[in-house]
Number of protein chains: 2
Amino acid sequence: MSAKAKETPTKGEVTRLVIEDAAVELFIEHGYHATSMRQIADRAGLALGGIYNHFKSKEEIFEAIILDKHPYKKVLPLVLEAQGEDLETFLHNAVQITLKELGSEPMYMKLMFIEFVEFNGRHGASILSQVAPKVLPVFERIIKGRKNLRVTNPALLMRSFFGMIISYFITEMLISKSVIGKLMPKDAAAAYTDIFLHGVLKEPL
Amino acid sequence: MSAKAKETPTKGEVTRLVIEDAAVELFIEHGYHATSMRQIADRAGLALGGIYNHFKSKEEIFEAIILDKHPYKKVLPLVLEAQGEDLETFLHNAVQITLKELGSEPMYMKLMFIEFVEFNGRHGASILSQVAPKVLPVFERIIKGRKNLRVTNPALLMRSFFGMIISYFITEMLISKSVIGKLMPKDAAAAYTDIFLHGVLKEPL
DNA sequence: CCTACCGATCGGTAGG
DNA sequence: CCTACCGATCGGTAGG
């Protein structure tokens, strides 16, 4: 048992994750306050009381989910490690990789909105304060390294980058339920990326 | 009483609006399911039972609010009536007017997110189906009339237009609670508009 | 429009 | 980890 404690998860750790998985599904389906502890217990396959061996309260489940499954957990390393010979390919890669990764489980983006609506963005604001100092330098480097950028403020570049991603997914989720989804181009993600890049860059790709 | 019935609102109509106003405040503060009928009654200044003389259920209050106070009610006429000599000024005006109008009560944008999170976008999808046919022609006209557009698909242009607006407000609300809001340029709305326009247009303004 | 009430369900706990 | 239970609060209604 001297290893990194990642190899053989405790039975308790497994149950904890089962509860989290059941809860995150239900939260995404109905939101936080409309989901009951009994529903979570049922879907996790145990009795109501059993949950409280792993979590002190319903809110603690939500907080664990935010820590473990928030989309930024996937996006952050991707953006930090994005590569490319020049600025254009770098930004293009960063956007495409991020959209593709998040697109594999688009509903997890809904966690952000649940938190925003039902917790007034309390967790979101604190995540932002932790993450921004790590990500901002990336955008600072982009701006300093190249001259063909129309945007010279790193915070604004960062904001428009993530704003574009958020906008892509929320419009995607709204449109997919409507007929006008049919009118969208095949690779809407690429088209979206394209608009953003041309908005930010001075010269065409 | 042959007038348009807008002049002297019934006492009942007034009470109805008082209830809606109390409810929309509470929904924006805590979301739909976390708001109780008793809270709404208290804030509206009447007893619990009194509400049911004006609304059959809690959900009916929410639906009335969506009908009366959804941000698209303000944005739609503005976009339809936006003017401008050429394409650039037209688009620029449309964006600026919309951002300014919504910015006067930014929290009402939260209604969209509440509906998305707690009603799974049911109302949002039906609004989209009603509104899209009216708005899409505007973007079709934009595309047909001018050649210096990089985006040739009207649905995509419409999506990126409203996506940009949504993205502006959600990042605004998140950032305003964080320190990095200080790093943003003075007129972030103008900068945001600028990025969008350059993303969509072939030539600089 | 209010008072007083209904059954149902909520989050959480004790005790084993 | 389950059974059985707690007080509190929920949306909604009857009756005046």
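To find a chain, count down the sequence lines: A is the first, B the second, and so on, and within it residues start at 1.
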Notebook entry, point to check: If we ignore angles and hydrogens, is there a donor and acceptor under 3.5 Å between the side chains of T193(A) and Y168(A)?
Noted result: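 No - no donor-acceptor pair under 3.5 Å links their side chains.
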
Phosphate OP1/OP2 of [N]: any [X] side-chain N/O under 4.0 Å:
{"X": "S36(B)", "N": "dT9(D)", "result": "no"}
{"X": "H33(A)", "N": "dC10(D)", "result": "no"}
{"X": "S57(B)", "N": "dG11(D)", "result": "no"}
{"X": "Y52(A)", "N": "dG12(C)", "result": "yes"}

Checklist line | T35(B) side chain reached by F62(B) side chain, heavy atoms, under 4.5 Å | finding: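 Heavy-atom side-chain distance check fails, nothing below 4.5 Å.
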
Checklist line | Side chains of M37(A) and Y52(A) in contact at under 4.5 Å (non-hydrogen atoms) | finding: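 With C-beta onward as the side chain, the pair touches.
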
Next item on the list: May I have the step-by-step check of salt bridge (charged side-chain N to carboxylate O under 4.0 Å, His left out) for K69(B) and D21(B), ending in yes or no?
Entry: CA-CA 10 Å; K69(B) 305 194 195 301; D21(B) 287 340; 3.1 Å; yes

What integer distance in Å separates [X]:[atom1] from [N]:[atom2]?
{"X": "N53(B)", "N": "dG16(D)", "atom1": "CG", "atom2": "P", "result": "16 Å"}
{"X": "E59(A)", "N": "dC10(C)", "atom1": "CD", "atom2": "C1'", "result": "16 Å"}
{"X": "M37(B)", "N": "dC1(C)", "atom1": "CE", "atom2": "P", "result": "14 Å"}
{"X": "Q39(B)", "N": "dA8(D)", "atom1": "CD", "atom2": "P", "result": "18 Å"}
{"X": "I51(A)", "N": "dG12(C)", "atom1": "CD1", "atom2": "C1'", "result": "11 Å"}
{"X": "E13(B)", "N": "dC1(C)", "atom1": "CD", "atom2": "P", "result": "12 Å"}
{"X": "L26(A)", "N": "dG11(C)", "atom1": "CG", "atom2": "C1'", "result": "16 Å"}
{"X": "R16(B)", "N": "dC1(C)", "atom1": "CZ", "atom2": "C1'", "result": "16 Å"}

Please pick, from [options], the nucleotide with the shortest atom-to-atom distance to any side-chain atom of [X].
{"X": "R38(A)", "options": "dC10(D), dC1(C), dC5(D)", "answer": "dC5(D)"}
{"X": "L46(A)", "options": "dC10(C), dT13(C), dC2(D)", "answer": "dC2(D)"}
{"X": "K58(A)", "options": "dG12(C), dC1(C), dC5(C)", "answer": "dG12(C)"}
{"X": "L48(A)", "options": "dG11(D), dG11(C), dG12(C)", "answer": "dG12(C)"}
{"X": "A47(A)", "options": "dG12(C), dC2(D), dC10(D)", "answer": "dC2(D)"}

Checklist line | Partner residues of R43(A) under the side chain to side chain contact (heavy atoms under 4.5 Å, CB included) criterion, sequence neighbours left out | finding: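 Per chain and number, R43(A) pairs via side chain to side chain contact (heavy atoms under 4.5 Å, CB included) with A22(A), E25(A), L26(A), E29(A).
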
Next item on the list: Determine, for K58(A) against E118(A), whether the closest basic-nitrogen to carboxylate-oxygen distance falls under 4.0 angstrom.
Entry: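 Looking at K58(A) and E118(A), the cut-off is not met.
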
Check: Judged by atom type as modelled, is there a donor-acceptor pair below 3.5 Å linking the side chain of S129(A) to the main-chain atoms of A125(A)?
Finding: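 Indeed, once roles are kept as given, a pair shorter than 3.5 Å links the two residues.
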
Check: In dot-bracket form, how is DNA chain C paired, counting a Watson-Crick or G-U wobble pair only if both its distances are under 3.5 Å and using | for bases paired to another strand?
Finding: ||||||||||||||||

